[in-house]
Q: 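Pasting a structure below so you can have a look.
Numbers restart at 1 for each chain; the letters A, B, ... are given by sequence-line order, proteins then strands. Everything numeric here is computed off the predicted structure, so don't read it as measured data.
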Protein chains: 2
Amino acid sequence: MRVGELSKRSGVPIPTIKYYLREGLLPAGAATAANQADYGEEHLRRLLLIRALIDVGGVSVAAAREVVAALGAHADDPLELLSAAQTAVTPRHRPDRETPEWHTAKQRVLDLIAERGWLVYPLSPEIDLVADALAAGGSLGVTELFDNLGRYADSAASLAAVEVRTVLDRPDPAARMELVVLGTVLGEALFSALRLLAHQHESARQIGIPDAPPQKNPETAQ
Amino acid sequence: MRVGELSKRSGVPIPTIKYYLREGLLPAGAATAANQADYGEEHLRRLLLIRALIDVGGVSVAAAREVVAALGAHADDPLELLSAAQTAVTPRHRPDRETPEWHTAKQRVLDLIAERGWLVYPLSPEIDLVADALAAGGSLGVTELFDNLGRYADSAASLAAVEVRTVLDRPDPAARMELVVLGTVLGEALFSALRLLAHQHESARQIGIPDAPPQKNPETAQ
DNA sequence: TCAAGTGGATAGTGTAACTATCTACAGCGG
DNA sequence: CCGCTGTAGATAGTTACACTATCCACTTGA
């Protein structure tokens with residue numbers, strides 16, 4: 001197929017497809033002439049994957065490129081791929097990490113990891129992200145994040161156990177590697193939204209149920 | 001205090017503080033002269049809150065403005081504030097939602113909510129976000145997200161129950177409202193990072209533990 | 001034949017989040 | 001009261017990102 005059809009089937013505009021080709025997110029099609037190339041189903045699939053990462057997962061174009069590169073480079077090593085996928089979806093840091101409060105927070109995270117015997121790469125940027133959240137809360141007097149850290153870790157562990165099991169249940173290795181990436185990114189989007197919905201439900205339940213759920217337009221109230 | 005001190009104590013550069021003032025994220029200080037104003041502790045606290053939202057939570061400046069506005073506007077109604085905070089941290093949609101696959105996915109989410117009796121605002125954008133993730137997975141043949149939706153919901157529900165209880169345990173109403181916002185945003189950042197760490201652990205555990213965790217630099221391997 | 005479509009290159013657009021300067025003027029040690 | 005630092009407020013400039021838009025010399029298919 002040529003770009004026109006690729007565009008129609010994927011829903012991605014042609015200029016955007018060209019942009020992804022330039023940026024190396026999408027491999028070039030097989031050239032049949034100086035200005036003609038042929039794309040296959042794998043290009044369509046790759047394009048859908050890219051759009052899932054960008055539109056649903058909210059990752060940057062640069063990060064999406066890293067992810068698909070890792071998909072190609074680590075076709076045999078799930079741990080390497082997982083590492084690459086996590087690095088790509090992990091935001092660059094901006095907070096100040098030189099304060100003593102931050103180091104206290106980081107130590108708290110390292111303690112948590114040690115006492116649970118978690119097997120994690122000790123230099124994972126995610127460790128610092130947890131410390132960032134704890135430190136930011138701490139600077140505003142929010143000790144609840146520290147207090148609940150164990151519960152957060154319990155939830156994360158049980159969720160991760162299911163997700164990893166699900167990935168490993170896939171028989172085909174290539175499909176499994178793709179699920180590593182999609183599970184990491186789409187699972188995040190899915191869970192985040194469900195958590196917010198669960199907040200609504202639990203708030204209504206624990207506070208007491210109002211006549212109607214919160215309305216955006218107050219004029220419908222009375 | 002004047003901007004200089006506010007900047008030093010918060011770690012935010014003076015031009016950025018001025019920018020936040022212009023954008024309405026930070027209320028103006030009490031003017032003492034044509035070119036002098038006085039800021040108090042509440043300005044510092046507000047600034048730390050804004051930076052927590054932006055740097056750690058990754059929300060946009062515009063969204064942060066909405067959140068702090070809601071904090072002021074709904075000082076008495078936690079459900080309204082929760083709704084505003086969620087709307088602010090919920091990304092704008094880009095995926096195509098007109099396909100039949102998407103509507104199937106959305107119906108699946110509505111069924112889940114109905115069968116669990118979740119009390120959620122039926123027009124919540126988060127419902128569409130869940131459908132987005134399911135549909136994106138579905139277009140790539142990932143049925144696992146559908147299969148595990150119930151487990152995701154279980155995890156989200158138990159996490160939300162703890163978080164809402166924690167917020168309601170705060171005696172002071174003003175502090176409680178602040179925790180609604182910080183819990184929504186920082187809790188998300190905290191949990192996301194922990195989930196990734198848990199993925200590393202579970203992968204290593206279920207696949208089999210290699211000699212060393214994944215290395216970024218292969219030259220240290222041998 | 002010939003309009004529609006294409007690959008590749010280059011340039012332009014719009015938004016977001018700052019960052020820099022400029023202009024008075026205030027505060028304060030000497 | 002001199003002069004230096006430090007403002008507040010206004011305006012303009014910068015950087016990064018993710019596209020969009022054109023142009024050109026082709027090729028394709030009716």
Q: Does Ser83(B) use its side chain to pair, donor to acceptor, with the backbone of Leu79(B) at less than 3.5 Å?
A: no
Q: With respect to Trp102(B), which candidate in Asp128(B), Asp132(B), Asp96(B) satisfies the side-chain hydrogen bond (donor to acceptor under 3.5 Å, both in side chains) definition?
A: Asp132(B)
Q: Quick check: on DNA chain C, is the nucleotide nearest Ala34(B) upstream (toward 5') of the one nearest Leu21(A), or the reverse? Name the residue that is more 5'.
A: Leu21(A)
Q: With DNA chain D as reference, determine whether Arg2(B) or Arg94(B) sits nearer its 5' end, using the nearest nucleotide of each.
A: Arg2(B)
Q: Between Arg92(B) (CZ) and dC19(D) (P), how many Å, whole number?
A: 17 Å
Q: Can you name the residues that form a salt bridge (charged side-chain N to carboxylate O under 4.0 Å, His left out) with Glu23(B), not counting sequence neighbours?
A: Arg65(B)
Q: Without decimals, in angstroms, what is the distance between Leu6(B) CG and dA8(D) C1'?
A: 14 Å
Q: Looking only at heavy atoms, which two atoms of Trp118(A) and Ala153(A) are closest? And how far apart?
A: CZ2-O, 3.9 Å
Q: Should Leu179(A) and Arg176(A) count as side-chain neighbours, where that means a heavy-atom distance under 4.5 Å?
A: no
Q: Starting at atom CD of Glu23(A), determine the distance to atom P of dC17(D), rounded to an integer number of angstrom.
A: 10 Å
Q: To the nearest angstrom, how far is Gln36(A) atom CD from dC26(D) atom P?
A: 13 Å
Q: Report all side-chain donor-acceptor pairs from residues 47-54 of chain A shorter than 3.5 Å, counting only partners two or more places apart or in another chain.
A:
| from | atom 1 | to | atom 2 | distance (Å) |
| --- | --- | --- | --- | --- |
| Arg51(A) | NE | Asp55(A) | OD2 | 3.2 |
| Arg51(A) | NH1 | Tyr20(A) | OH | 2.8 |

Q: Can you pull the contact range of chain A along DNA chain C, 5' to 3', using atoms under 4.0 angstrom from its heavy atoms?
A: dG5(C) to dT10(C)
Q: For the pair Glu5(A) and Arg9(A), find out whether any cationic side-chain nitrogen is under 4.0 Å from an anionic carboxylate oxygen.
A: yes
Q: Take the protein atom CG of Asp38(B) and the nucleotide atom P of dG6(D), then report the distance between them rounded to whole Å.
A: 18 Å
Q: With sequence neighbours excluded, tell me which residues meet side-chain hydrogen bond (donor to acceptor under 3.5 Å, both in side chains) with Glu42(B).
A: none
Q: With sequence neighbours excluded, give me every side chain to side chain donor-acceptor pair (under 3.5 Å) pair touching residues 134-147 of chain A.
A: Glu144(A)-Arg170(B)
Q: Rounded to the Å, how far apart are Met1(A) CE and dT28(D) P?
A: 17 Å
Q: Could you run down the sub-3.5 Å N/O contacts of the protein with nucleotides 21-25 of chain D?
A:
none

Q: Can you tell me how far C1' of dC17(D) sits from OH of Tyr19(A), to the nearest Å?
A: 7 Å
Q: dC17(D), OP1 or OP2 - any side-chain N/O from Ser60(A) closer than 4.0 Å?
A: no
